[in-house]
Number of protein chains: 2
Amino acid sequence: MSDDATAEEITLGRIETEVALLMRLGEATRRATGTAEHRVLDRAAYVILRHLDKAGPQNVSALAARLNLDGSTVTRQVSAMHRDGLIARTPDPADGRGTVISPTPAGLQRMAAVQAARTRLYGDILANWSPDDRGTLADLLHRLNEALDARNRPR
Amino acid sequence: MSDDATAEEITLGRIETEVALLMRLGEATRRATGTAEHRVLDRAAYVILRHLDKAGPQNVSALAARLNLDGSTVTRQVSAMHRDGLIARTPDPADGRGTVISPTPAGLQRMAAVQAARTRLYGDILANWSPDDRGTLADLLHRLNEALDARNRPR
DNA sequence: CGCTCATAGCTGTATGATACAACTGAATTA
DNA sequence: TAATTCAGTTGTATCATACAGCTATGAGCG
């Protein structure tokens, strides 16, 4: 690394650092906070329920594509969730190969509980942030995710 | 979820959502981008090298504590890195039980390469962001990490 | 000194999330 | 209709991680 880094490169390096750190801390937080809510609904199940809730019932492939996961991963995740009564599977009327996955009321309830717990956690963590900073963080994270997603998807 | 959520609660929910999403996308990006740089240095090794580089040589326990990882995890990670010549282990002169881990030149070089690749990636992803927004993102992520860390550490 | 207890690190073993490859059966197309 | 593509599943492998149990060293106390 020569030291002719521009201010912009430094900023990018900082973002890189902080995202890497956030991944690690997020993992750790998820584990540490797993006293109650998290153990009953693992990361992937939560994200799947969130997506079903927002985007509506859909089949395994659609889910996999949307979540950047392999179909087999989603299959297993979904079958575990089915075993636990969190989702329902109905044959896709339009395609005999497909199965449509939809959240059950129990699933939605579980999702909401985890969401509430996490929201509470963030309220705690960001207790002394100004509403303004919180809003800006939410906005920028959203834009970052959009950008990452755009980069990932058009493979 | 009753709908008496305050604006603040909504913001927290958004942050929660975006962080969860970022974790997923970050994973996916790491995997997808793994064409060259990432396959030679996995996530944990990278973070360990970064930390050694910044905070200086230290023993396994210190690393584990700092990274919120179990000692056994770090042991294995470190021994893989040792096998690959990325770090050196010297007996701790002050404590016969301990081993001090330090990055080798090869390790630092590898780390720098990954870092550069990631920085480039972010430059690409955030190509059309204003310098201002990038700076703000870096700042807020930093503060978020500090807050998460503070929450995690004082166990 | 010689116990006893705490600590550093390692190894065994288990779990969870993930991918890739191979397969089955249904849909689409030539 | 035969060939091809696609949806979903199952087999198998990998990786990161944790927890429990072990060994050896260090520290404090009688």
Side-chain angles (χ1 to χ4, degrees), chain A residues 20 23-35 38-48 57-84 87 89-101 152 155, chain B residues 20 23-35 38-49 57-84 87-101 152 155:
Chain A
M23 306 279 281
R24 274 239 40 79
L25 284 171
E27 274 293 304
T29 302
R30 188 176 58 83
R31 259 178 255 280
T33 319
T35 29
H38 289 71
R39 217 160 282 155
V40 293
L41 193 64
D42 51 65
R43 174 176 46 178
Y46 177 63
V47 177
I48 289 175
Q58 57 200 276
N59 60 33
V60 172
S61 322
L63 265 177
R66 203 45 171 41
L67 303 176
N68 282 300
L69 288 173
D70 189 83
S72 65
T73 303
V74 176
T75 289
R76 285 179 235 269
Q77 211 65 44
V78 155
S79 80
M81 293 169 72
H82 186 240
R83 169 178 40 72
D84 297 344
I87 51 125
R89 340 182 36 148
T90 54
D92 187 335
D95 185 338
R97 297 167 297 179
T99 320
V100 175
I101 314 298
N152 271 128
R155 79 195 68 156
Chain B
M23 305 278 281
R24 273 239 43 78
L25 284 171
E27 274 293 304
T29 302
R30 188 176 59 81
R31 258 179 256 279
T33 317
T35 28
H38 289 70
R39 217 160 280 154
V40 294
L41 192 63
D42 52 64
R43 173 177 48 178
Y46 177 62
V47 177
I48 288 175
L49 282 170
Q58 56 201 276
N59 60 34
V60 173
S61 321
L63 264 177
R66 202 45 170 47
L67 303 176
N68 283 301
L69 288 173
D70 189 82
S72 64
T73 303
V74 176
T75 290
R76 285 179 235 268
Q77 211 64 45
V78 155
S79 79
M81 294 168 72
H82 186 241
R83 171 180 35 75
D84 297 344
I87 52 124
R89 338 182 36 146
T90 54
D92 187 335
D95 186 337
R97 296 166 297 179
T99 319
V100 175
I101 314 299
N152 272 128
R155 74 193 61 165

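Values below: all heavy atoms of this structure, side chains included; hydrogens, waters and symmetry mates excluded. Predicted model, so just to flag it, every value in this text is computed and none were measured. By convention in this document, chain letters (A, B, ...) are assigned in the order of the sequence lines, proteins followed by strands, and residues within each chain are numbered from 1.
- Look at CZ on Arg83(B): it is 12 Å from C1' on dC15(D), rounded to the nearest Å.
- Heavy atoms of Ser79(A) sit nowhere under 4.0 angstrom from any nucleic acid atom.
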Would you please test Met81(B) and Leu49(B) for side chain to side chain contact (heavy atoms under 4.5 Å, CB included) and show each step?
CA-CA 9 Å; Met81(B) 294 168 72; Leu49(B) 282 170; 3.6 Å; yes

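- Between Asn59(A) atom CG and dA27(C) atom C1' the separation is 14 Å, expressed in whole Å.
- Looking at Leu63(A) and Gln58(A), their side chains come closer than 4.5 Å, going by heavy atoms from C-beta outward.
- For dC20(C), the base has a donor-acceptor partner in the side chain of Ser72(A) [N/O atoms by modelled type, under 3.5 angstrom].
- Distance CE (Met23(B)) to P (dT17(D)): 11 Å, rounded to an integer number of Å.
- Contact annotation for Asp95(A): backbone-only contact, meaning every heavy-atom pair under 4.0 Å involves sugar-phosphate atoms and none involves a base.
- Between Val74(B) and Leu69(A), the residue whose closest nucleotide on DNA chain C is further toward the 5' end is Val74(B).
- When rounded to the nearest whole Å, the span between CG of Asp84(A) and P of dG16(C) equals 11 Å.
- The nearest whole Å value for the distance from the CD1 atom in Ile87(A) to the C1' atom in dG8(D) is 13 Å.
- If you check every strand for non-hydrogen atoms under 4.0 Å, Gly96(B) touches sugar and phosphate atoms only.
- If you measure from atom NE2 of His82(B) to atom C1' of dG9(C), you get 15 Å, rounded to the nearest angstrom.
- Remark on DNA chain D: of its neighbouring residues Val100(A) and Arg76(A), the 5'-side contact belongs to Val100(A), judged by nearest-heavy-atom nucleotide.
- In this structure, Asp70(A) atom CG and dT9(D) atom C1' are separated by 11 Å, rounded to whole Å.
- In this structure, Asn68(A) atom CG and dC20(C) atom C1' are separated by 17 Å, rounded to whole Å.
- Each of dG8(D), dG9(C), dG26(D) was ranked by its minimum atom distance to the side chain of Arg97(B); first place goes to dG26(D).
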